[in-house]
Structure formats: C-alpha cells, structure tokens
Amino acid sequence: MGSNWLIGIDLGGTKTEVILMDRHSQEHYRQRVPTSVGNYQVTLQTIHALVQKAEAHAGTTGIPVGIGIPGSVSGKTGRIKNANSTWLNGQSMQQHLRELLQRPVTLTNDANCLALSEAADGAGRNHHTVFAAILGTGCGAGITVNGQLLTGPNGVAGEWGHNPLPWTPEAELRQRPCFCGRYGCNETFLSGTGLSLTHKLHTGQQLPAHIIVENARNGDSQATDTLKQYLEHLARGLAAVINVLDPDIVVLGGGMSNAEQIYRELPGRLSSYVFGGECDTSIVKAAHGDSSGVRGGGLVDLSLLVHRNRKIKPAISMLDGVRWFTWLQKNLPVKA
C-alpha cells in the first residue's frame, strides 16, 4: 500500500490533471488530458486511468486520492451540486470513485484545493486569512483561516461566483444568464467565459479570453477597452468580498490570473468600492500557477486527516508545508 505517496486530481472544465507527490509535497509525476465534457462515465474512467498511471510511476497501489471538482458534495445527499460542469450534478461521484478505485477518495471544491495549496506553501503562506479565487472557465473561491479550510455547514464558503455582481444595473445583469438559473452572477462577468461575453456584447466579436488578453497586450483598442471593463467588474466583485471578509491576501488562479494587467491596474480600482475608501489588501497570482488545484487535491485528504486528529496536536497549521508534513510523519501511522 502506498501510504508514503499522495495523488491529487484536478477535474477542470477543459482539462483533467493528475499529480503524484510524496509527503514532503515534492512532485514526482504529472499528466494532463482533455476533460470528457458531458460524459460522466468517461470522466470516471479518465480519473481511473490517471490514478493507475500515477501508481505505476510510484511502483505501488492503494495511494490516497484527493480530487478537486468544479462543484461540491452535498452533505445531505452525498451527490454533486453546484457544478458548472453540469453533467456532474446529481451524481454520487464520491461513492462511484471509491467503488471504482477500491479505496477512500476525498472530493472537494476545486477552489478549496487552490486555497489549501497556496496557504500551505504558496502565495498565501504565513497569512492568517486567504481568499483564493479561480478565474477560469467558471468563477469560485476557497478560504483558509490559519491554514485550515473554511467550508461551512452548507459547503459553500467562498462561493462568490453565484452572487450578483454588485453596483451593476439590473438591465446589465439580465444580459448574462447563468447555469445556476439566475442572472448576472459574478461568474458571468469574471470568468474567462465572462470576459468573452463582455467583448461580444461591446464589439459583436466572439473571441476566447486568452486572445482578448493577448490582443490588449499588443495594443488592440477594442480588446483594451474590454479588458478595462473586466477590471472594473473584478474590482466590484472583490471589493464586496473585502467588505465582508477583509482577507489578508487575495490569491488568483485560473486562466484569467495570467493577465498581468490585473496586478498593475486592479489595486488602484478597489478603493472606489471598499467601504471607507481605502484598500491595502494584496492581490497576487497563485505561486504554483495552474498547478495549485491539482496540488491541493493531493493535500486535501491530509488536511482532513489533521482536522480529525486535532486532539493529538491542536496547534497544527498548514502555513508551513515542510513542518506540517514532518509532523504528519511523526504522529500518524504510515505503512511502508
């Protein structure tokens, strides 16, 4: 049995990725494949195949698996809810994967994985409260406090993507239907898909988000105007979070986090919306880039294990990844 190893899976809207790590969070194997959009059974088989490949590299089996998904597991039904990869909703995915892989499998929201990874040894390390937001195909966030995930009794802590974009006229909100059944959600403005929609509404052109960002970088006036509007939207969305949570740091992941204009121009816009007219909150890119989600998937099972064993050492923190894993090795049983 491979208890010295960890396997993380990041099930994204366009790609599914696996990582094999040791208990010092060092990467030993990684592979990324396209996500089978719309096909639940193929999604399960893809995850199974990736786990088998990681275990073949490790030379052992039975390695714990943590998976980040674009939704959450209902505490009442055990089924997936709130996933923008809508073919997952209503499925008993955790149970199905446990049966398929013949071992415990932990599922959590992909933004929680981002937050966990960045709080452990990334951009959020040594910060008390971290708000880690995904700006990708969708828009979600995870929150850590003292290095521990904050999930809440409903499992929706950090789900800022499905609040309406604040300080926005009703007519503008109604232009943006969301998969959740409402209109004008943050996700419809702040995701890469939202940027593409903003560009289409203003220019009539349908372009993918990365092309719009690249065009703006190259001086295209229409793309520049679209990106400025996106930054205004992002300032409103994050200011509402800061007004409620006031995190020490905001860490951005997902494809839109690669737009360097965000870090140059967004901080100056936030004070217009943050209560009191001042904002010193750091806005930074995820230190592990698009690896944070899959790394967090590997870490999440150990995070829950620490939580369950908190009576052993209640002061445990994940803000120092190396010391955290050292503590685990000394205090939790590990089979060779």
Side-chain angles (χ1 to χ4, degrees), residues 6 8 10 19 21-27 66 68 108-135 140-152 157-158 160 234 238-239 241-254 257-258 260 262-264 266-267 270-271 274 278-332:
L6 305 166
D10 182 17
I19 191 171
M21 299 188 298
D22 61 32
R23 284 181 179 255
H24 297 283
S25 71
Q26 296 300 306
E27 176 185 333
T108 192
N109 181 264
D110 51 4
N112 286 347
C113 293
L114 169 67
L116 188 59
S117 174
E118 291 297 318
D121 59 359
R125 180 177 175 177
N126 297 325
H127 289 276
H128 177 268
T129 307
V130 177
F131 184 81
I134 291 179
L135 306 174
I143 301 168
T144 62
V145 179
N146 282 333
Q148 297 292 333
L149 280 174
L150 179 66
T151 56
W160 73 314
L234 186 56
L238 284 177
V241 170
I242 293 168
N243 284 342
V244 173
L245 185 64
D246 203 5
D248 296 283
I249 191 169
V250 173
V251 180
L252 301 181
S257 71
N258 294 318
E260 295 301 325
I262 290 176
Y263 310 103
R264 293 196 306 267
L266 180 66
L270 286 170
S271 59
V274 171
E278 299 175 350
C279 184
D280 295 322
T281 308
S282 298
I283 311 293
V284 301
K285 186 177 179 180
H288 298 295
D290 62 3
S291 299
S292 256
V294 71
R295 289 180 76 259
L299 296 176
V300 70
D301 193 61
L302 288 179
S303 170
L304 295 175
L305 194 56
V306 167
H307 181 75
R308 290 194 295 268
N309 286 277
R310 193 173 285 177
K311 290 181 181 179
I312 298 174
K313 185 164 181 172
I316 187 69
S317 171
M318 291 183 300
L319 294 180
D320 187 327
V322 174
R323 286 184 295 176
W324 183 62
F325 282 111
T326 300
W327 180 89
L328 282 169
Q329 288 183 308
K330 290 179 179 179
N331 290 275
L332 299 178

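Between atom CG of residue L116 and atom CG of residue N109 there is a gap of 12.0 Å, rounded to the nearest 0.5 Å. Atom CG in L6 sits 10.5 Å away from atom NE2 in H24 (nearest 0.5 Å). To the nearest 0.5 angstrom, N146 atom CG is 13.0 Å from H127 atom NE2.
Here the shortest heavy-atom pairing between C113 and G68 reads SG-CA, 3.6 Å. The nearest pair of heavy atoms linking E118 to A286 is OE2-CB, 3.5 Å. Taking each heavy atom of A239 and L270 in turn, the nearest pair found is N-CD2, 4.1 Å. The two atoms that bring A115 and A132 nearest to each other are CA-CB, 3.6 Å, heavy atoms only. Of all heavy-atom pairs between T144 and A119, the closest is OG1-CB, 3.4 Å. Closest non-hydrogen pair, P267 versus I262, comes out as CD-O, 3.6 Å.
For S271, the side-chain contact (heavy atoms from CB on, under 4.5 Å) criterion is met by no residue, not counting sequence neighbours. Scored by the side chain to side chain donor-acceptor pair (under 3.5 Å) test, N112 finds T108 as partners (sequence neighbours excluded). Partners of A133 by side-chain contact (heavy atoms from CB on, under 4.5 Å), not counting sequence neighbours, listed by chain and number: F131, A141, W160, L252. E278 is linked by a side-chain contact (heavy atoms from CB on, under 4.5 Å) to nothing, counting only residues two or more places apart in sequence or in another chain. Not a single side chain to side chain donor-acceptor pair (under 3.5 Å) links E260 to another residue, sequence neighbours left out.
Checking side-chain atoms of N243 against main-chain N and O of V274 turns up no donor-acceptor pair under 3.5 Å. A distance-only check finds no donor-acceptor pair linking the side chain of S117 to the backbone of L114 [under 3.5 Å].
Looking at P247 and I242, their side chains come closer than 4.5 Å, going by heavy atoms from C-beta outward. When side chains are defined from C-beta on, Y263 counts as touching S257, because their heavy atoms get closer than 4.5 Å.
Applying the salt bridge (Lys or Arg N to Asp or Glu O under 4.0 Å) definition to pairs two or more places apart or across chains, those involving residues 286-296 are R32-D290, D121-R295.
The residue from L149, V130, L150 that alone fulfils the side chain to side chain contact (heavy atoms under 4.5 Å, CB included) condition with I143 is L150.
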side-chain contact (heavy atoms from CB on, under 4.5 Å) between K285 and V251: does it pass, once the steps are laid out? CA-CA 6 Å; K285 186 177 179 180; V251 180; over 6 Å; no

Before giving the answer on side-chain contact (heavy atoms from CB on, under 4.5 Å), spell out for T281 and L238 the whole-Å C-alpha distance, their side-chain angles and the decisive distance to 0.1 Å. CA-CA 10 Å; T281 308; L238 284 177; over 6 Å; no

